[in-house]
Each structure stands twice: as structure tokens, then as C-alpha cells.
**Student:** 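Got a structure here, written out as C-alpha cells. Questions coming.
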Amino acid sequence: MPLLFRRASLASLGLAFGLSALCLSPLMAQETAPAAPADAAAPAVKPVDPNAVVATVNGQSLTEADLVLAEGELSQQFAQLPPEQRRAAALSAAIEIRVMAAKAVTDGLDKDPDFQRRMAFLQQRALHGEMVEKGVVDKVTDAEVRARYDQEIANTPPVNEVHARHILVKTKEEAEAIIKQLDGGADFQKLANEHTSDPSGKSNGGDLGWFGPGQMVPEFDKAAFALEVGKYTEQPVQSQFGWHVIKLEDKRAKQPPAFDDVKDQAKQAVIRDKYFALVKSLRAGAKVEIPDAKLKQAVDTLESGK
């Protein structure tokens, strides 16, 4: 059942939403620990005080919260390190950042116009990410996700899937000879094992299992779905692979995916819709002017497709 839930759909939220993913990434990568024996008591996890000082740099404190931020921002660089080395590497990086930043301020680099523009953009990007997380993602409810799933199910037309077998040969004449044997009462599975050139069908009677529309090449697809259950094609069917004789074993309505299997996609669809609705309402109340007519047209075209 072709639900419209697709993970890639969030890419259509535009550059800003793509950038906000940086702000929504987990602060720390999770560690996978070996499973404890069933009878072993789980060790108590001591809460970490975010304000606990782990180092001082020129009299300024570096806290556990600062360390978490450093480890999160640099998670890709630290991904292959064991936990203790990762923590040490994050602290080393945080110290390096502090001393270099202090030197930059001493040299007046924080007053540079390009730097200030970049800082303003980074702040806006971070605030955008906070708004997405707090104003959109955190407000999605389980009921909304379930409702979106139910809506997709209701809006998706019922689709049949079929269970078929086939015999694949190189020439039309070979296929016609096989159909003639079937007309005379020969067993389809036995003929498939003897004659098919499809390696996967030589030991299972040409069984293709269940498949839905569009999963086979067009010629094969059309012929298979046109058959009645228990019937085989009266004329050979040509495809890019050769000549087919097809038998329809069964037909059924394709079942929709279970909610638990697609709930993450459903949630992403709800997030997408809420994000667009929020942006639309905010843009409607904002005065946006783009003097360059061509650029304005390009922006309007881009946003009309969202």
C-alpha cells in the first residue's frame, strides 16, 4: 500500500529546516552496552550535575553542560572513540576552543563585520531550531500521529496483489510449445522446473510469491493482473528478459502496513504539516520585500512548491 509517508519529505521544508537539523541533533551519542544477565540488578545511574566544573581555563569554568555541548557538536569526529577517550577528546576540544576564542577577542576579531554577520545568522539558525523543536516537534501528540495514519489508510485506494508463477524461455516458439503442453494437462510446476531459464524458479516451480502492481516489468505486470485465478497466459508474454508463460495462483487485497511499522513516518508527516502551517502564519504577518524582480519570482516559484 503506497502510503505517502516518506522520510525524505522533510527535505522539502527548505534550507532553513535542513539547517535546523543541526540544532535538533542529540547532545550526546548513545552508547550500546552489553546486555546484563537477566538476574543481574541494573546499576544505579548517578545523575550528572550540569553545573559541575570539569576544568578552568584562565579562571573561567568549563562545566559538564559545556562538555555535553562540545561532545554533541563534534560527535562525528568522536564517533569511533570509546566513551572515556571521547570525553577526554571533547574536553580537550572545548579547552582549545576557549583559548582560541579568547585570543580572537584580544585581536579584535569579534568586531569584524563578516564575523558579526555570521554570528547573527548562527543565532537565528539556533533560534529557528529551538522554535522547530519546542513549537512543532514537542507539540505533536500520539493522537495526531494515529489520526494521520488513519487518514492515509482511508485515502489510499485498495490495491490487489497477486501470487504467480512463470516459465521463462528464450524464444516465442519454446513458450508456445509449453502452452500447448499445458493445454494438454501438463503440470505447470513440473514444466517450470524443467524449462525455465530463471535460476530462482528451477527448484520451486517458477514461484514468484506475492507482488503488487508495478513490481514487475510492465508487460509481465499487465498480463499477470489480467489473469483469473488458476489460469495461465494463452499467448506468450515478451519482456526484456525473454518469453514468459504466466500462471496466476491467487489474488488478494493488499494489507496496509501496521501502525507500529510506519508510526515514525506518520510522525514526520505531522511535523512537516505543522511546520508549514507555522511558517505560513508567520510569513503572512511579516513584511517581506525583495527588490530584484527575478529573484522574487524565483523565490515565489520555490515556495509555491512547498
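Atom set for the values below is all heavy atoms of this structure, side chains included, hydrogens, waters and symmetry mates excluded.
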**Student:** May I ask you to decide whether Arg87 forms a salt bridge with Glu64, counting only side-chain N to carboxylate O separations under 4.0 Å?
**Tutor:** yes

**Student:** Which residue is it: Trp210, Phe225, Phe211? I am looking for the one with a ring pair (Phe, Tyr, Trp, His ring centres under 6.0 Å) to His163.
**Tutor:** Trp210

**Student:** What closest approach, in Å, do Ala90 and Leu67 show between heavy atoms, and which atom pair accounts for it?
**Tutor:** C-CD1, 3.7 Å

**Student:** Donor-acceptor pairs under 3.5 angstrom involving side-chain atoms of residues 93-100: please list them, not counting sequence neighbours.
**Tutor:**
residue: Arg98; atom: NH1; partner: Ser61; partner atom: O; Å: 3.2
residue: Arg98; atom: NH2; partner: Ser61; partner atom: O; Å: 3.4
residue: Arg98; atom: NH2; partner: Asp66; partner atom: OD2; Å: 3.4

**Student:** Can Lys274 and Glu144 be counted as an ion pair, charged N to O under 4.0 angstrom?
**Tutor:** yes

**Student:** For residues 175-184, dump all side-chain donor-acceptor pairs below 3.5 Å to protein atoms at least two apart in sequence or in another chain.
**Tutor:**
residue: Asp183; atom: OD1; partner: Tyr232; partner atom: OH; Å: 2.4

**Student:** Among side-chain atoms of Thr196 and His166, is any donor-acceptor pair under 3.5 angstrom?
**Tutor:** no

**Student:** May I ask you to decide whether Arg146 forms a salt bridge with Asp150, counting only side-chain N to carboxylate O separations under 4.0 Å?
**Tutor:** yes

**Student:** Using every non-hydrogen atom in the two residues, find where Asp207 and Gly209 come nearest and quote the distance to one decimal.
**Tutor:** OD1-N, 2.9 Å

**Student:** Do Phe241 and Asp198 touch side chain to side chain, with heavy atoms closer than 4.5 Å?
**Tutor:** no

**Student:** Residues in side chain to side chain contact (heavy atoms under 4.5 Å, CB included) with Ala102, at least two apart?
**Tutor:** none

**Student:** Val279: what forms a side chain to side chain contact (heavy atoms under 4.5 Å, CB included) with it, not counting sequence neighbours?
**Tutor:** Tyr275, Arg283

**Student:** Can a donor-acceptor pair be found, under 3.5 Å and without considering hydrogens, that links the side chain of Thr233 to the backbone of Val245?
**Tutor:** no

**Student:** Taking atom NZ of Lys263 as the centre, report whether more than 12 heavy atoms of other residues, nucleotides or ligands fall under 6.0 Å from it.
**Tutor:** no

**Student:** When hydrophobic residues are tied together by side-chain contacts of less than 4.5 Å, even through go-betweens, does Phe188 share a cluster with Met216?
**Tutor:** no

**Student:** Take Arg117 and Asp114, measure what salt bridge (charged side-chain N to carboxylate O under 4.0 Å, His left out) needs, and give me the verdict at the end.
**Tutor:** CA-CA 5 Å; Arg117 278 191 290 270; Asp114 287 340; 2.3 Å; yes

**Student:** Looking at Asp300 and Lys296, does any basic side-chain N land under 4.0 Å from a carboxylate oxygen?
**Tutor:** yes

**Student:** Between Ser75 (side chain only) and Gly72 (backbone N and O only), is there a donor and an acceptor less than 3.5 Å apart?
**Tutor:** yes

**Student:** Do Gln60 side-chain atoms and Val57 backbone N/O form a donor-acceptor pair below 3.5 Å?
**Tutor:** no

**Student:** Going by salt bridge (charged side-chain N to carboxylate O under 4.0 Å, His left out), name the pairs with one or both residues in residues 157-175, residues two or more places apart or in two chains.
**Tutor:** Glu161-Arg252, Arg165-Glu249

**Student:** Rounded to the nearest 0.5 Å, what's the gap from CG on Leu168 to OG on Ser200? Could you check?
**Tutor:** 9.5 Å

**Student:** Going by the rule salt bridge (Lys or Arg N to Asp or Glu O under 4.0 Å), which residues pair with Lys103 if we only count those two or more places apart in sequence or in a different chain?
**Tutor:** Asp107

